[in-house]
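Throughout, a chain's letter reflects where its sequence line sits, starting with A, and its residues are numbered from 1.
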2 protein chains.
Amino acid sequence: MARKLESHGRLDDAARAGWLYYVAGRTQDEIASAMGISRQSAQRLVSLAVAERLIKVRLDHPIAACLELARALRDKYDLKHVEVVPSDAGSSSTTVGIAEAAAAEIERWLKRSDPIVLAIGTGRTLKAAVDQLPVIECPQHRVVSLTGNIGPDGSAAYYNVIFSMADAIKARHYPMPLPVLVTASEDREVLHAQALVRSTLDISAQADVTFVGIGEMGIDAPLCLDGFLEKDEMLALMKRGAAGEICGWVFDGQGRLLVDPINDRVASAPIPSRETSSVIGIAKGKRKLSAIKAALTGHQINGLITDEATAEFLLRD
Amino acid sequence: MARKLESHGRLDDAARAGWLYYVAGRTQDEIASAMGISRQSAQRLVSLAVAERLIKVRLDHPIAACLELARALRDKYDLKHVEVVPSDAGSSSTTVGIAEAAAAEIERWLKRSDPIVLAIGTGRTLKAAVDQLPVIECPQHRVVSLTGNIGPDGSAAYYNVIFSMADAIKARHYPMPLPVLVTASEDREVLHAQALVRSTLDISAQADVTFVGIGEMGIDAPLCLDGFLEKDEMLALMKRGAAGEICGWVFDGQGRLLVDPINDRVASAPIPSRETSSVIGIAKGKRKLSAIKAALTGHQINGLITDEATAEFLLRD
DNA sequence: ATAATGCGTGAGTAATTGCCCATGAGCAAA
DNA sequence: TTTGCTCATGGGCAATTACTCACGCATTAT
């Protein structure tokens, strides 16, 4: 039985109780009898020590920084889901790390027993993520592609992700039998009116969760590399304020869809509702930075999987 | 597919769960659903994070009674550094509390940007302290062991601390490739003359700060438990006035190195200068009391990390 | 003086957590 | 391929902790 409390002050006792609890690992009952108080009082002292920040908890693991960044990003951009993976400074890959993380997250969704609609965009990052998926049987779910797989020249675009996904995921899957960009907006209307396309569009609108890559602008951007846009078209687009694209939908620096002929030619499904579903962007890298930031700012996405370095840049200003 | 969902590894999950639990303050149920696992698994991850020392808890409050004791000890024994942690009356552990405090102090030294030499002894307490250290990169420092790690039978002594330390601290480290006790003093001269040993000894003499455990005498003493001394040798030693031991150097009740054949056989480096450097003892407990007191009295150490109860006894007379 | 206010207390109860066990997957040796 | 081992898992249950409520005691304002 220890001295009376008043002689030390309440915070002192809180510190002592907190020490016994967290450092020495005693139960509150033991602390109570050691300090000559009731168990409830011991509990109060412990929680007081926590409330007064007398107890500092630290996590000594690289992932700690990631979680901090994720929380900061979530707060700053009002996101539903953020995942920050450790950066691999030595690697210039735009997929290492986030692909695995994205795969893990996709897997989490697919493991749910209640049926969901999972929508998926395209891009190298997403392809890498899907390649990480294990084989899962989930006949209860549906997987729908938001974007077409046909290039401007009629060839199949390499990075149509849904077919890779179909290899691993035993679920109904709905590709989008369309080009990414049509030549004129009228064409889009015609194509979208087709029954098959129509039903895929309808399913995509019901998506519970969506995974999309985020494309940057520039002459090295995916849209150019994959032959959807010519260099001069791209440069003109950038002059008109384009900052990035998701499934071909081009947005400006504020993340607002660009009012521009280009967006009238996008044949992709609209990005599912950020109000009623999760739309998770997967992207990292300095080149994609402003595109990611715009997408976040304009709430084109409400979830993000990125890496530490990118997260830090996103938080910088 | 054999891909590990553990692309980030089990420890990372443990870190994540631990962070969510201790830092974010979520319940294990929330963590479970957030990570897509069962609550039990979440609980396991949290306790794994604790077991693996991923979670470090420290108390940021000067407990008045402890500070008072520390000041009194510093004055009484003319010490440079004293730390007193709360006692845990119910626990018989000789390390709980002081190990954490010692780790924090070691960390403080290692965080210095100017290069230092940190010397380290051995013992269970010191081992426990080193196990609390986080991973630190400090290539500017050097860490040197004062004692060897080879037992009388040629086996490696379990409590050689420097190897544990090398796991966490990224700095050059210098083990002492010697037994603690050699069979004859001549052997010691031969061994110490070796170039490798010579340089380690030289470095240890330059130590800026030293952390040592304090061993008591008795048939349950560390020296006996670890097989360096037989019971009858120990009893004879006690008859000749031995009161305690630091790195194998046996001293009497006044803290003077015992003039005795035993000390001629100690192969450890001399304890670094108490005039020009900090030599901090880490010890608590009734059994070690007279050894601690002797070490303080004879200025074998000029710093101490102990607990309240021990501090009170040390001040009693 | 007396009532209002604030703070701490203990009791009871709901929520949360820790632990043990049986099970099954993965893996290595036979 | 089989056997045996290790290890993670989920369920169930006991222990522990958090919260709410009503009360007592002191201080303060009227």
Original post:
Quick one: are A:Tyr22 and A:Val46 in side-chain contact, heavy atoms under 4.5 Å?
Top reply: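 The answer is yes; the side chains approach within 4.5 Å.
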Original post:
Are A:Ile120 and A:Met165 side-chain neighbours, meaning at least one heavy-atom pair lies under 4.5 Å?
Top reply: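 In contact.
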Looking at the side chain of [X], which of [options] is the nearest nucleotide?
{"X": "B:Ser38", "options": "C:dC19, D:dG10, C:dT9", "value": "D:dG10"}
{"X": "A:Gln40", "options": "C:dT17, C:dT9, C:dG12", "value": "C:dG12"}
{"X": "B:Tyr21", "options": "D:dA18, D:dT20, C:dT17", "value": "C:dT17"}
{"X": "A:Arg44", "options": "D:dT17, D:dG10, C:dG10", "value": "C:dG10"}
{"X": "B:Gln28", "options": "D:dC21, C:dG18, D:dA18", "value": "C:dG18"}
{"X": "A:Thr27", "options": "C:dG10, D:dT17, D:dC13", "value": "D:dT17"}

Subject >> Under 3.5 Å donor-acceptor, A:Glu312 side chain and A:Ala309 backbone >> reply: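 No, the answer is negative, given that no donor and acceptor are paired below the 3.5 Å cut-off.
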Grab the [atom1]-[atom2] distance between [X] and [N] for me, whole Å please.
{"X": "B:Leu20", "N": "C:dT16", "atom1": "CG", "atom2": "P", "result": "16 Å"}
{"X": "B:Leu48", "N": "D:dC7", "atom1": "CG", "atom2": "C1'", "result": "12 Å"}
{"X": "A:Ile31", "N": "D:dA15", "atom1": "CD1", "atom2": "C1'", "result": "15 Å"}
{"X": "B:Ile37", "N": "D:dG10", "atom1": "CD1", "atom2": "C1'", "result": "12 Å"}
{"X": "A:Arg26", "N": "D:dT16", "atom1": "CZ", "atom2": "P", "result": "12 Å"}
{"X": "A:Asp13", "N": "C:dT9", "atom1": "CG", "atom2": "C1'", "result": "15 Å"}
{"X": "A:Gln43", "N": "C:dG12", "atom1": "CD", "atom2": "P", "result": "17 Å"}
{"X": "A:Asp29", "N": "C:dG18", "atom1": "CG", "atom2": "P", "result": "16 Å"}

**OP:** Any chance you could lay out the side-chain contact (heavy atoms from CB on, under 4.5 Å) test for A:Cys66 and A:Val85, step after step, and finish with the verdict?
**Re:** CA-CA 6 Å; A:Cys66 299; A:Val85 305; 5.5 Å; no
**OP:** Taking only the side-chain nitrogens and oxygens of A:Ser47, find out if one of them lies under 4.0 Å from OP1 or OP2 of D:dT17.
**Re:**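 For A:Ser47, the contact criterion (side-chain N or O under 4.0 Å from OP1 or OP2 of D:dT17) is not met.
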Original post:
Would you say the side chain of B:Arg39 and the base of C:dG18 hold a donor-acceptor pair, judged only by whether the two atoms sit under 3.5 Å apart?
Top reply: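 Donor-acceptor pair under 3.5 Å: yes.
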Original post:
With a 3.5 Å cut-off and no angle check, do the side chains of A:Ser277 and A:Asp208 form a donor-acceptor pair?
Top reply: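 Their side chains do not contain a donor-acceptor pair, so the 3.5 Å distance test is not met.
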